[in-house]
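Remarks on the structure that follows.
A note on names: the letters A, B, ... follow the listed sequences, proteins ahead of strands, and every chain is numbered from 1.
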There are 2 protein chains.
Amino acid sequence: MDKQLATILFESLASGIRLDIFRLLVKHAPTGLVAGEISTALALPPTNASFHLKAMTYASLINVTQEGRYQRYRANLTVMQSLIDYLTAECCTGNPDYCFDATKASSCCDTD
Amino acid sequence: MDKQLATILFESLASGIRLDIFRLLVKHAPTGLVAGEISTALALPPTNASFHLKAMTYASLINVTQEGRYQRYRANLTVMQSLIDYLTAECCTGNPDYCFDATKASSCCDTD
DNA sequence: CCAACTATACAATAATTCTTGAAATATAAA
DNA sequence: TTTATATTTCAAGAATTATTGTATAGTTGG
């Protein structure tokens, strides 16, 4: 997890719609949902849902697989775990004493 | 940690400049840095640094205290810990089986 | 009080992101 | 093959966010 990817992931989560999409997909893991189910569930115009799904896919926050004419989206829990690790490491960089009990983070104190 | 605060925090982290500021402040915890030190360290025009510092302060990602004519900023590690907890909980909402070893998260499976 | 300094507020512009309908693409079904 | 369905791409405008210089407010030390 480098700074660039972290920034892209935060951008990806920094929208109510995208956060809702991610939460919805987590709730439906590991099956995932197809695009139409997502836009229906969140009452979004399909184009808008597609716009955000594309951004989230680019960020690797979600994955997509084709199923005939459907596109099935799934939350990428692995990259989310990496982001959590990154945040935890950021929080104790150089200062484990002043950072809760996160010193167990394996990648603690990396730079960039 | 509700969805609204989480979104604000992600917005706050979703910028290279603000992420740099946060990382810099974590590195200097718990002393913190005054505004001038931050803009100098990151080679930012003071107005631009102030713009981002204000946004981050509003998001509660950092705290500010006045020291005479200086404004000292510190990373808010507590809110960062809350955000990590929120992300961890999000990742296992309703699906602990498909989410690494995050099931220990106390607030797992909350909604909004 | 006055001069120097720190930092923010304001204003104008630039840049980016968001939203939506219409059109296009692709797959499936009849 | 023709029609229907699912999804995306495109284009345009709306809205938001970022950047920077200048001006202002507040603080310190002489």
Verdict with supporting geometry, B/Arg72 and B/Thr31, side-chain hydrogen bond (donor to acceptor under 3.5 Å, both in side chains): CA-CA 9 Å; B/Arg72 180 168 297 275; B/Thr31 313; over 6 Å; no
Check nucleotides 2-5 of chain D against the protein and report each pair of N or O atoms closer than 3.5 Å, with its distance, or say if there are none.
| from | atom 1 | to | atom 2 | distance (Å) |
| --- | --- | --- | --- | --- |
| D/dT5 | O4' | A/Arg69 | NH1 | 3.0 |
| D/dT5 | O2 | A/Arg69 | NH1 | 3.2 |

When rounded to the nearest 0.5 angstrom, what distance separates OH in B/Tyr73 from CE in B/Met56?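 With rounding to 0.5 Å, OH (B/Tyr73) is 10.0 Å from CE (B/Met56).
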If you round to the nearest 0.5 Å, how far is CG of B/Leu87 from CD of A/Gln81? 10.0 Å
Students often mix this up, so state it plainly: with edges at 30° and 60°, are the rings of B/Phe10 and A/Phe10 parallel, tilted or perpendicular?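 If you compare the ring of B/Phe10 with that of A/Phe10, the planes turn out parallel.
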A/Ser15 or B/Gly36: which one's nearest nucleotide on DNA chain C is closer to the 5' end?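 Checking each residue's closest nucleotide, the 5'-ward one belongs to B/Gly36.
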Given [options], which nucleotide is nearest the side-chain atoms of [X]?
| X | options | answer |
| --- | --- | --- |
| B/Thr47 | D/dA18, C/dT27, D/dT20 | D/dT20 |
| A/Phe51 | C/dT19, D/dT19, C/dT8 | C/dT19 |
| B/Tyr73 | C/dT19, C/dT8, C/dT20 | C/dT8 |
| B/Gln66 | C/dT19, D/dT27, D/dT20 | D/dT27 |

Figure out the [atom1]/[atom2] separation between [X] and [N], and round it to whole Å.
| X | N | atom1 | atom2 | result |
| --- | --- | --- | --- | --- |
| A/Met56 | C/dT17 | CE | C1' | 16 Å |
| A/Arg72 | D/dA6 | CZ | P | 13 Å |
| A/Ile8 | C/dT16 | CD1 | C1' | 15 Å |
| B/Glu11 | C/dT17 | CD | C1' | 11 Å |
| B/Phe10 | D/dT17 | CZ | P | 17 Å |
| A/Leu33 | D/dA6 | CG | P | 15 Å |
| A/Lys54 | C/dT17 | NZ | C1' | 13 Å |

Taking any heavy-atom pair under 4.0 Å as a contact, classify A/Arg18: base, sugar-phosphate, or nothing. sugar-phosphate
With a non-hydrogen cut-off below 4.0 angstrom, is B/Leu53 in contact with a base, only sugar-phosphate, or nothing?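 Touches nothing.
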